[in-house]
There are 2 protein chains.
Amino acid sequence: MKRDQLSDQQCSVARSSAVLGDPWTLTLLSDCFLGVRRFEEFQERLKVSRTTLTSRLKRLEEHGILVQCQYEQRPPRFEYRLTQKGKDLFPVVSTLLAWGDKYYWEDATPPIIRTHKHCGHDFQAYTACSECGEPLELKDVEARTRPDNDRYPPVERGPFKRGS
Amino acid sequence: MKRDQLSDQQCSVARSSAVLGDPWTLTLLSDCFLGVRRFEEFQERLKVSRTTLTSRLKRLEEHGILVQCQYEQRPPRFEYRLTQKGKDLFPVVSTLLAWGDKYYWEDATPPIIRTHKHCGHDFQAYTACSECGEPLELKDVEARTRPDNDRYPPVERGPFKRGS
DNA sequence: TATGTTAGTCCATATTCAGGACTTACATCG
DNA sequence: CGATGTAAGTCCTGAATATGGACTAACATA
């Protein structure tokens with residue numbers, strides 16, 4: 001299967017991955033959340049080739065995650081901004097960052113520190129249940145596929161069982 | 001820059017992306033959380049080429065996210081299981097899934113439904129602040145880079161400002 | 001006029017991927 | 001005994017994608 005066919009799968013992770021699933025896109029989005037908006041700035045920070053950057057920005061635009069805005073008339077200049085759909089990726093990037101901080105910096109201070117203005121503390125993101133607000137743990141989650149989902153049938157052994 | 005050099009960057013998202021940032025890896029992990037463990041089963045569900053699957057499994061193993069366990073002596077057969085580091089990716093996959101459910105299924109029933117055994121309800125994941133427990137919102141977060149982080153200097157315009 | 005800036009495009013080479021055939025090491029069926 | 005089946009891969013070839021650097025357009029500034 002090719003990457004763009006992933007968009008047609010009966011699985012939200014597969015569809016999301018078709019758009020976000022490459023190393024530059026995720027890092028690029030992380031930069032968006034830090035306020036980066038311009039081509040040259042992305043290129044300098046990511047150190048990705050200009051062709052690849054162009055294609056990633058285009059894909060994110062096609063999928064409605066970024067919009068190109070003109071910020072100068074003459075000469076015509078554009079920048080990229082997050083749409084609401086893009087802003088809604090904030091939790092994804094935040095949890096990815098939290099995981100990276102945990103496993104790639106361990107006890108050291110991570111390279112980017114974030115403060116929650118609401119409570120005034122430096123924080124990490126964690127994930128919780130929308131219904132009861134408790135932190136989400138793998139062992140408390142039971143997944144089932146919708147009956148008509150023949151593309152991703154349930155696993156025989158049953159999800160989340162048998163130790164490691 | 002090449003993908004594996006991302007692992008050396010002063011940015012947790014970049015490092016995480018170096019390992020997870022491709023469409024198959026994320027979908028593969030999602031299947032791991034559904035209980036999938038065997039080569040043939042991954043291959044059949046993901047419909048990815050066998051060579052690519054082999055390389056992804058190898059990478060996840062090298063990074064300590066999966067371990068290969070022998071589940072049968074004769075003939076020797078192996079399966080892949082999540083380590084603790086791998087299980088800690090559950091929030092990442094969960095938020096990615098929540099985003100996909102929101103934007104690719106809108107009001108329809110998403111293809112995979114998850115129940116929180118703790119409270120008994122079907123749920124979606126949301127992300128919160130580790131210090132005060134409030135749901136995390138982009139506008140409440142202020143990010144700063146560690147002073148000695150010359151690789152990812154702060155953005156001039158300041159993070160998270162100026163509307164869209 | 002010369003140089004600089006921003007947002008790209010173009011091109012040659014290098015790397016990676018898809019899809020299918022093949023392999024190894026056994027178990028089972030007739 | 002020989003044929004077929006199964007799981008977990010490897011090997012191969014052609015196709016697609018990425019890299020890095022040069023180049024371009026459309027202006028602004030010195």
Side-chain angles (χ1 to χ4, degrees), chain A residues 1-9 14 17-28 31-32 36-62 66-81 155-157, chain B residues 1-9 14 17-28 31-32 36-62 66-81 155-157:
Chain A
M1 202 199 291
K2 304 243 171 97
R3 114 171 260 142
D4 48 326
Q5 296 176 267
L6 270 175
S7 301
D8 307 323
Q9 297 302 299
S17 297
V19 189
L20 309 172
D22 81 285
W24 305 117
T25 300
L26 290 165
T27 315
L28 193 159
D31 269 0
C32 288
V36 178
R37 301 213 190 93
R38 298 184 187 172
F39 189 92
E40 294 295 320
E41 207 169 3
F42 285 121
Q43 206 273 318
E44 201 180 327
R45 292 168 66 98
L46 302 179
K47 278 153 185 56
V48 64
S49 76
R50 304 175 79 79
T51 32
T52 307
L53 178 57
T54 301
S55 93
R56 292 304 173 274
L57 288 167
K58 197 164 288 170
R59 186 158 71 205
L60 288 170
E61 217 193 332
E62 279 166 8
L66 296 178
V67 262
Q68 213 179 19
C69 306
Q70 189 158 5
Y71 69 88
E72 202 181 85
Q73 298 297 321
R74 15 179 30 82
R77 289 291 147 75
F78 301 91
E79 63 182 17
Y80 294 88
R81 289 173 177 240
V155 178
E156 295 293 295
R157 284 184 304 286
Chain B
M1 199 200 292
K2 304 248 170 90
R3 112 171 262 140
D4 49 326
Q5 295 175 267
L6 269 175
S7 300
D8 308 322
Q9 297 302 300
S17 298
V19 189
L20 309 173
D22 81 285
W24 306 116
T25 300
L26 290 165
T27 316
L28 194 160
D31 269 359
C32 289
V36 178
R37 301 212 190 92
R38 298 184 187 171
F39 190 91
E40 295 294 321
E41 207 169 3
F42 285 121
Q43 206 272 318
E44 201 179 328
R45 292 168 67 96
L46 301 179
K47 278 154 184 58
V48 65
S49 77
R50 305 176 77 80
T51 32
T52 306
L53 179 56
T54 302
S55 94
R56 292 305 174 273
L57 288 168
K58 197 165 287 170
R59 186 158 72 205
L60 288 170
E61 216 193 332
E62 281 166 8
L66 296 177
V67 263
Q68 213 179 20
C69 305
Q70 189 158 4
Y71 69 89
E72 202 181 84
Q73 297 297 320
R74 15 180 29 82
R77 292 289 149 75
F78 301 91
E79 63 182 17
Y80 295 88
R81 289 174 177 240
V155 179
E156 295 292 294
R157 283 184 304 285

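As a basis for the values below, the full set of heavy atoms in this structure was taken, side chains included, without hydrogen atoms, waters or symmetry mates. Predicted model, so just to flag it, every value in this text is computed and none were measured.
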K.L.:
For the helix from C:dT1-D:dA30 to C:dG30-D:dC1, what angle separates the axis at the start from the axis at the finish, each from five pairs, in steps of 10°?
P.N.:
0°

K.L.:
Under 4.0 Å from OP1 or OP2 of D:dT19: is there any side-chain N or O of A:T52 that close?
P.N.:
yes

K.L.:
Can you tell me if the side-chain N/O atoms of A:R56 get under 4.0 Å from OP1 or OP2 in D:dA18?
P.N.:
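Yes, A:R56 has a side-chain N/O under 4.0 Å of OP1/OP2 on D:dA18.
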
K.L.:
When rounded to the nearest 0.5 angstrom, what distance separates CG in B:L26 from CG in A:L26?
P.N.:
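Answer for the CG-CG pair, B:L26 versus A:L26, is 7.0 Å.
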
K.L.:
Toward the 5' end of DNA chain D, which comes first, A:K2 or A:P75, by nearest nucleotide?
P.N.:
A:K2

K.L.:
Give the C-alpha distance, both sets of side-chain angles, the deciding distance and a yes or no for side-chain contact (heavy atoms from CB on, under 4.5 Å) between A:W24 and B:M1.
P.N.:
CA-CA 10 Å; A:W24 305 117; B:M1 199 200 292; 4.1 Å; yes

K.L.:
Output a table of donor-acceptor pairs, distance under 3.5 Å, between side-chain atoms of residues 70-78 of chain A and any protein atom two or more places apart or on a different chain; print 'none' if there are none.
P.N.:
residue: A:Q70; atom: NE2; partner: A:E72; partner atom: O; Å: 3.1

K.L.:
Write down the protein N/O and nucleotide N/O pairs, taken from nucleotides 6-12 of chain C, whose separation is under 3.5 Å; answer none if there are no such pairs.
P.N.:
residue: C:dT6; atom: O4'; partner: A:R77; partner atom: NH1; Å: 2.9
residue: C:dT6; atom: O3'; partner: A:Y71; partner atom: OH; Å: 3.3
residue: C:dT6; atom: O2; partner: A:R77; partner atom: NH2; Å: 3.1
residue: C:dA7; atom: OP1; partner: A:Y71; partner atom: OH; Å: 3.1
residue: C:dA7; atom: OP1; partner: A:F78; partner atom: O; Å: 2.6
residue: C:dA7; atom: N7; partner: A:E40; partner atom: OE2; Å: 2.8
residue: C:dA7; atom: N7; partner: A:R50; partner atom: NH2; Å: 3.1
residue: C:dG8; atom: OP1; partner: A:Q68; partner atom: NE2; Å: 3.4
residue: C:dG8; atom: OP2; partner: A:Q68; partner atom: NE2; Å: 3.3
residue: C:dG8; atom: OP2; partner: A:Y80; partner atom: OH; Å: 2.9
residue: C:dG8; atom: N7; partner: A:R50; partner atom: NE; Å: 2.8
residue: C:dG8; atom: N7; partner: A:R50; partner atom: NH2; Å: 2.7
residue: C:dG8; atom: O6; partner: A:R50; partner atom: NE; Å: 3.1

K.L.:
In whole angstrom, give the distance that lies between atom NZ of B:K47 and atom P of C:dG19.
P.N.:
12 Å

K.L.:
Would you tell me if any nitrogen or oxygen in the side chain of A:W24 comes within less than 4.0 Å of OP1 or OP2 on D:dT17?
P.N.:
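Looking at the OP1 and OP2 atoms of D:dT17, neither is under 4.0 Å from any side-chain N or O of A:W24.
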
K.L.:
With a 4.5 Å heavy-atom cut-off, do A:Y80 and A:L60 have their side chains touching?
P.N.:
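A:Y80 does not reach A:L60 side chain to side chain.
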
K.L.:
With side-chain contact (heavy atoms from CB on, under 4.5 Å) as the test, would you mind laying out the steps for B:R50 and B:L53 before giving the verdict?
P.N.:
CA-CA 5 Å; B:R50 305 176 77 80; B:L53 179 56; 5.6 Å; no

K.L.:
With no hydrogens and no angle check, is any side-chain donor or acceptor of A:Q43 less than 3.5 Å from a backbone partner on A:V48?
P.N.:
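Flag set: sc A:Q43 to bb A:V48 pair under 3.5 Å.
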
K.L.:
For a 4.5 angstrom cut-off between non-hydrogen side-chain atoms, does B:R3 reach B:D22?
P.N.:
yes

K.L.:
If I take atom CG in residue A:D22 and atom P in nucleotide D:dA16, what distance separates them, rounded to the nearest angstrom?
P.N.:
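A:D22 atom CG is separated from D:dA16 atom P by 19 Å.
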
K.L.:
If we check salt bridge (charged side-chain N to carboxylate O under 4.0 Å, His left out) with A:D31, which of these qualifies: A:R56, A:K47, A:R38, A:R45?
P.N.:
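When salt bridge (charged side-chain N to carboxylate O under 4.0 Å, His left out) is applied between A:D31 and each of A:R56, A:K47, A:R38, A:R45, only A:R45 qualifies.
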
